[in-house]
Amino acid sequence: MGSATTIEWTDATWNPITGCTKISAGCDHCYAERFSERFRGTAGHPFEKGFDLSIRPERLDQPLRWRTPRMIFVNSMSDLFHKEIPEEFIARVCDTMERAHWHTFQVLTKRSSLMRDFLRRRYGGTRGPLHIWFGVSVEDGGKKSRIQHLRQSPAGVRFLSIEPLIGPIGALDLSGIDWVIVGGESGPGARPMNPQWVREVRDECLKRGVAFFFKQWGGPRPKSGGRELDGREWSQFPALPASYGLAAE
(Lines give C-alpha, C1' and ligand atoms only; values in the text may rest on other atoms or scores of the structure.)
Protein backbone atom coordinates (compact mmCIF):
# COMPACT_ATOMS: atom_id res chain seq x y z
CA MET A 1 0.00 0.00 0.00
CA GLY A 2 1.23 3.47 -0.69
CA SER A 3 2.14 5.73 2.17
CA ALA A 4 -0.16 8.51 3.34
CA THR A 5 -0.78 10.90 0.49
CA THR A 6 -1.16 14.68 0.27
CA ILE A 7 -4.04 14.30 -2.22
CA GLU A 8 -6.93 15.96 -0.38
CA TRP A 9 -9.71 13.68 -1.55
CA THR A 10 -8.19 10.31 -0.61
CA ASP A 11 -6.26 8.62 2.21
CA ALA A 12 -3.73 6.42 0.44
CA THR A 13 -2.56 5.21 -2.96
CA TRP A 14 -2.18 1.72 -4.42
CA ASN A 15 -0.20 1.21 -7.61
CA PRO A 16 -0.38 -2.34 -9.03
CA ILE A 17 0.60 -0.63 -12.31
CA THR A 18 2.93 2.31 -12.86
CA GLY A 19 3.79 4.31 -15.96
CA CYS A 20 1.62 5.64 -18.73
CA THR A 21 1.58 7.52 -22.05
CA LYS A 22 0.09 10.91 -22.86
CA ILE A 23 -3.36 10.98 -24.43
CA SER A 24 -4.56 14.61 -24.29
CA ALA A 25 -3.60 18.14 -23.24
CA GLY A 26 -4.35 17.40 -19.59
CA CYS A 27 -1.34 15.05 -19.62
CA ASP A 28 1.15 17.67 -20.82
CA HIS A 29 2.62 18.40 -17.38
CA CYS A 30 1.94 15.03 -15.75
CA TYR A 31 3.12 15.01 -12.12
CA ALA A 32 3.49 11.21 -12.12
CA GLU A 33 5.79 11.29 -15.14
CA ARG A 34 7.83 14.15 -13.68
CA PHE A 35 8.31 12.25 -10.41
CA SER A 36 9.06 8.88 -12.01
CA GLU A 37 11.60 10.12 -14.51
CA ARG A 38 13.76 11.57 -11.73
CA PHE A 39 14.74 8.01 -10.84
CA ARG A 40 15.23 6.49 -14.31
CA GLY A 41 18.39 4.42 -14.28
CA THR A 42 18.63 4.27 -10.47
CA ALA A 43 19.36 0.60 -9.87
CA GLY A 44 16.90 -1.08 -7.51
CA HIS A 45 14.53 1.89 -7.32
CA PRO A 46 10.80 1.22 -7.96
CA PHE A 47 11.06 3.72 -10.85
CA GLU A 48 14.33 2.45 -12.27
CA LYS A 49 12.51 2.32 -15.64
CA GLY A 50 11.11 5.81 -15.21
CA PHE A 51 7.56 6.22 -16.45
CA ASP A 52 7.58 3.18 -18.72
CA LEU A 53 4.40 1.13 -18.30
CA SER A 54 5.12 -1.53 -15.66
CA ILE A 55 2.74 -4.20 -14.35
CA ARG A 56 3.45 -5.12 -10.72
CA PRO A 57 1.58 -8.32 -9.75
CA GLU A 58 3.46 -8.51 -6.43
CA ARG A 59 1.37 -5.56 -5.26
CA LEU A 60 -2.02 -7.07 -6.02
CA ASP A 61 -2.80 -8.21 -2.47
CA GLN A 62 -1.62 -5.07 -0.66
CA PRO A 63 -5.12 -3.70 0.15
CA LEU A 64 -6.12 -7.05 1.66
CA ARG A 65 -3.36 -6.67 4.25
CA TRP A 66 -4.52 -3.18 5.29
CA ARG A 67 -7.37 -3.91 7.65
CA THR A 68 -8.35 -0.40 8.70
CA PRO A 69 -10.83 1.14 6.20
CA ARG A 70 -9.32 3.74 3.91
CA MET A 71 -10.12 5.65 0.74
CA ILE A 72 -7.59 4.37 -1.78
CA PHE A 73 -6.70 6.07 -5.05
CA VAL A 74 -5.94 3.23 -7.47
CA ASN A 75 -3.04 3.76 -9.88
CA SER A 76 -2.16 7.30 -8.95
CA MET A 77 0.96 6.69 -11.08
CA SER A 78 -0.77 5.14 -14.10
CA ASP A 79 -4.13 4.50 -15.80
CA LEU A 80 -5.80 1.15 -15.12
CA PHE A 81 -7.41 1.17 -18.56
CA HIS A 82 -4.31 1.88 -20.64
CA LYS A 83 -4.70 -0.12 -23.86
CA GLU A 84 -1.47 -2.06 -23.26
CA ILE A 85 -2.60 -3.49 -19.91
CA PRO A 86 -4.00 -7.03 -20.38
CA GLU A 87 -7.66 -7.32 -19.47
CA GLU A 88 -6.81 -10.34 -17.33
CA PHE A 89 -4.68 -8.15 -15.09
CA ILE A 90 -7.35 -5.44 -14.87
CA ALA A 91 -9.74 -8.18 -13.77
CA ARG A 92 -7.30 -9.27 -11.04
CA VAL A 93 -7.14 -5.69 -9.76
CA CYS A 94 -10.95 -5.64 -9.63
CA ASP A 95 -10.94 -9.02 -7.85
CA THR A 96 -8.84 -7.48 -5.08
CA MET A 97 -11.06 -4.40 -4.83
CA GLU A 98 -14.19 -6.53 -4.58
CA ARG A 99 -12.67 -8.71 -1.86
CA ALA A 100 -11.41 -5.71 0.16
CA HIS A 101 -14.94 -4.41 0.68
CA TRP A 102 -14.05 -2.44 3.82
CA HIS A 103 -12.06 0.08 1.77
CA THR A 104 -13.28 2.68 -0.71
CA PHE A 105 -11.45 2.43 -4.04
CA GLN A 106 -11.25 5.39 -6.42
CA VAL A 107 -10.29 4.54 -10.00
CA LEU A 108 -9.67 7.40 -12.43
CA THR A 109 -9.07 7.13 -16.18
CA LYS A 110 -8.84 9.10 -19.41
CA ARG A 111 -9.48 5.90 -21.42
CA SER A 112 -13.20 6.19 -20.78
CA SER A 113 -14.55 3.96 -23.54
CA LEU A 114 -12.22 1.12 -22.54
CA MET A 115 -13.40 1.46 -18.94
CA ARG A 116 -17.06 1.45 -20.00
CA ASP A 117 -16.65 -1.66 -22.12
CA PHE A 118 -14.75 -3.53 -19.38
CA LEU A 119 -17.33 -2.68 -16.71
CA ARG A 120 -20.18 -3.75 -18.97
CA ARG A 121 -18.52 -7.11 -19.44
CA ARG A 122 -17.89 -7.48 -15.71
CA TYR A 123 -21.16 -6.20 -14.22
CA GLY A 124 -23.62 -6.47 -17.09
CA GLY A 125 -26.78 -4.46 -16.63
CA THR A 126 -26.37 -3.87 -12.88
CA ARG A 127 -24.19 -1.25 -11.20
CA GLY A 128 -21.01 -2.51 -9.56
CA PRO A 129 -20.12 -2.48 -5.85
CA LEU A 130 -20.72 0.80 -4.04
CA HIS A 131 -17.25 0.77 -2.50
CA ILE A 132 -15.56 0.94 -5.93
CA TRP A 133 -15.81 4.39 -7.48
CA PHE A 134 -14.97 4.88 -11.14
CA GLY A 135 -14.25 8.29 -12.60
CA VAL A 136 -12.99 10.08 -15.68
CA SER A 137 -10.59 12.98 -15.99
CA VAL A 138 -11.88 15.96 -18.00
CA GLU A 139 -9.62 18.98 -18.52
CA ASP A 140 -11.78 21.20 -20.76
CA GLY A 141 -14.98 21.31 -22.77
CA GLY A 142 -13.47 19.28 -25.60
CA LYS A 143 -13.26 16.11 -23.51
CA LYS A 144 -16.87 15.82 -22.39
CA SER A 145 -17.36 12.61 -24.39
CA ARG A 146 -15.59 10.92 -21.47
CA ILE A 147 -18.51 11.93 -19.23
CA GLN A 148 -20.95 10.22 -21.57
CA HIS A 149 -18.84 7.05 -21.50
CA LEU A 150 -18.84 7.20 -17.68
CA ARG A 151 -22.61 7.62 -17.63
CA GLN A 152 -22.87 4.50 -19.80
CA SER A 153 -20.69 2.53 -17.33
CA PRO A 154 -22.28 0.30 -14.65
CA ALA A 155 -20.08 1.75 -11.90
CA GLY A 156 -21.26 1.70 -8.29
CA VAL A 157 -20.30 5.37 -7.86
CA ARG A 158 -19.41 7.68 -10.77
CA PHE A 159 -17.20 10.74 -10.43
CA LEU A 160 -15.46 13.41 -12.47
CA SER A 161 -11.98 14.75 -11.88
CA ILE A 162 -11.93 18.10 -13.66
CA GLU A 163 -8.22 18.55 -13.04
CA PRO A 164 -6.16 20.14 -14.30
CA LEU A 165 -8.91 22.49 -15.46
CA ILE A 166 -7.18 24.26 -18.37
CA GLY A 167 -10.19 25.61 -20.27
CA PRO A 168 -13.90 26.30 -19.85
CA ILE A 169 -16.13 23.23 -19.57
CA GLY A 170 -19.26 24.90 -20.88
CA ALA A 171 -22.66 23.24 -20.56
CA LEU A 172 -22.28 20.28 -18.21
CA ASP A 173 -24.72 17.38 -17.96
CA LEU A 174 -24.32 15.81 -14.51
CA SER A 175 -27.13 13.27 -14.78
CA GLY A 176 -25.93 9.96 -13.35
CA ILE A 177 -22.83 11.57 -11.78
CA ASP A 178 -22.30 11.31 -8.00
CA TRP A 179 -19.25 13.48 -7.34
CA VAL A 180 -17.16 16.21 -9.02
CA ILE A 181 -13.59 17.24 -8.15
CA VAL A 182 -12.09 20.43 -9.62
CA GLY A 183 -8.47 21.55 -9.39
CA GLY A 184 -5.90 23.75 -11.06
CA GLU A 185 -2.60 22.59 -12.49
CA SER A 186 0.57 22.71 -10.39
CA GLY A 187 4.29 22.36 -11.04
CA PRO A 188 6.65 23.75 -13.68
CA GLY A 189 4.76 25.48 -16.49
CA ALA A 190 1.41 25.25 -14.70
CA ARG A 191 -1.38 26.72 -16.81
CA PRO A 192 -3.60 29.22 -14.97
CA MET A 193 -7.21 28.41 -14.14
CA ASN A 194 -9.90 31.06 -14.58
CA PRO A 195 -12.07 31.32 -11.43
CA GLN A 196 -15.18 31.61 -13.56
CA TRP A 197 -14.55 28.14 -15.02
CA VAL A 198 -14.59 26.75 -11.48
CA ARG A 199 -17.70 28.67 -10.44
CA GLU A 200 -19.63 27.39 -13.44
CA VAL A 201 -18.91 23.78 -12.45
CA ARG A 202 -19.65 24.42 -8.77
CA ASP A 203 -22.94 26.14 -9.55
CA GLU A 204 -24.06 23.25 -11.74
CA CYS A 205 -23.22 20.81 -8.92
CA LEU A 206 -25.27 22.87 -6.48
CA LYS A 207 -28.14 23.04 -8.93
CA ARG A 208 -28.14 19.27 -9.49
CA GLY A 209 -27.36 18.23 -5.92
CA VAL A 210 -24.03 16.65 -6.85
CA ALA A 211 -21.22 16.56 -4.26
CA PHE A 212 -18.50 19.11 -5.11
CA PHE A 213 -14.85 19.04 -4.01
CA PHE A 214 -12.51 21.92 -4.83
CA LYS A 215 -8.98 20.56 -4.56
CA GLN A 216 -6.67 23.49 -5.31
CA TRP A 217 -5.98 26.61 -7.36
CA GLY A 218 -2.55 25.27 -8.29
CA GLY A 219 0.54 27.17 -9.32
CA PRO A 220 4.26 26.45 -8.93
CA ARG A 221 3.36 24.04 -6.09
CA PRO A 222 0.07 22.24 -5.34
CA LYS A 223 -0.58 24.36 -2.24
CA SER A 224 0.47 27.67 -3.83
CA GLY A 225 -3.02 29.12 -4.20
CA GLY A 226 -4.80 27.35 -1.37
CA ARG A 227 -8.22 25.69 -1.56
CA GLU A 228 -10.72 28.45 -0.88
CA LEU A 229 -13.33 29.30 -3.48
CA ASP A 230 -15.39 32.42 -2.78
CA GLY A 231 -14.36 32.48 0.87
CA ARG A 232 -14.79 28.83 1.80
CA GLU A 233 -13.41 25.34 1.23
CA TRP A 234 -15.56 22.84 -0.63
CA SER A 235 -14.91 19.27 0.55
CA GLN A 236 -18.09 17.36 -0.20
CA PHE A 237 -18.16 13.60 -0.82
CA PRO A 238 -20.97 11.51 -2.29
CA ALA A 239 -23.55 10.24 0.17
CA LEU A 240 -23.42 6.50 0.91
CA PRO A 241 -25.70 4.13 2.84
CA ALA A 242 -25.24 4.15 6.63
CA SER A 243 -24.12 0.50 6.63
CA TYR A 244 -21.34 1.17 4.13
CA GLY A 245 -17.60 1.03 4.96
CA LEU A 246 -17.61 -1.38 7.93
CA ALA A 247 -14.18 -2.61 9.02
CA ALA A 248 -12.99 -6.06 8.04
CA GLU A 249 -13.47 -8.92 10.48
Considering only heavy atoms from C-beta outward, does the side chain of Phe214 approach that of Ile181 to under 4.5 Å? no
Within the structure provided, determine whether Glu8 and Lys223 are in side-chain contact (heavy-atom separation under 4.5 Å). yes
Does the Glu139 side chain pair with the main chain of Gly26, one donor and one acceptor, at a distance under 3.5 Å? yes
Between Arg232 and Trp234, is NZ or CZ placed under 6.0 angstrom from the six-membered ring centre and within 45° of the ring axis? yes
Do the ring centers of Phe47 and Phe51 come within less than 6.0 Å of each other? no
Please tell me if the side chains of Pro57 and Phe89 come closer than 4.5 Å, counting only heavy atoms from C-beta onward. yes
Under 3.5 Å, is there a donor-acceptor pair between the side chain of Asp79 and the main chain of Lys110? yes
Would you check if there is a donor-acceptor pair between the side chains of Arg146 and Ser24 at a distance under 3.5 Å? yes
Quick one: do Glu33 and Lys22 make a salt bridge, cutoff under 4.0 Å? yes
Does the ring of Trp102 carry Arg67 above it, NZ/CZ under 6.0 angstrom from centre and within 45° of its axis? yes
Under 4.0 Å between a side-chain nitrogen and a carboxylate oxygen: does that hold for Lys215 and Glu163? yes
Here's a test for you: under side-chain contact (heavy atoms from CB on, under 4.5 Å), which of Ile147, Val180, Ile177 qualifies with Leu172? Ile147
Has Lys49 got more than 12 heavy atoms of other residues, nucleotides or ligands less than 6.0 Å from its NZ? no
Exercise: do Ser153 and Arg158 side chains pair donor with acceptor under 3.5 Å: no
Could you tell me whether Arg99 atom CZ has more than 12 heavy atoms of other residues or ligands within 6.0 Å of it? no
Regarding Thr5 and Asp11, do their side chains bring together a donor and an acceptor under 3.5 Å, going by distance alone? no
Transitively linked via ILVMFWY side-chain contacts under 4.5 Å: Phe118 with Ile55? yes
Is any side-chain N of the basic residue among Asp28 and Arg191 closer than 4.0 Å to the acidic one's carboxylate O? yes
Determine the interplanar angle of the Phe237 and Trp133 rings, folded into 0 to 90°, and report it as parallel if under 30°, tilted if 30 to 60°, perpendicular if over 60°. tilted
Any donor and acceptor pair, going by atom type alone, linking the side chain of Thr96 with main-chain N or O of Leu60 inside 3.5 Å? yes
Derivation and outcome, side-chain contact (heavy atoms from CB on, under 4.5 Å), residues Thr18 and Arg56: CA-CA 8 Å; Thr18 57; Arg56 302 176 183 270; 2.8 Å; yes
Quiz question: by atom type and distance under 3.5 Å, do the side chains of Arg227 and Ser235 form a donor-acceptor pair? yes
Using modelled atom types and a 3.5 Å cut-off, is there a donor and acceptor pairing between side-chain atoms of Arg59 and backbone atoms of Pro16? no
With the side chain counted from C-beta on, respond yes when Trp217 and Pro192 share a heavy-atom pair under 4.5 Å apart, and no when they do not. no
Is a donor on one side and an acceptor on the other found under 3.5 Å between the side chain of His131 and the backbone of Met97? yes
Under-4.0 Å salt bridge between Asp203 and Arg208: no
Are Asp117 and Arg121 close enough for a salt bridge, meaning some N to O gap below 4.0 Å? no
What about the rings of Phe159 and Trp179, do their centers lie closer together than 6.0 Å? yes
Whether Asp178 side chain and Val157 backbone form a donor-acceptor pair below 3.5 Å: no
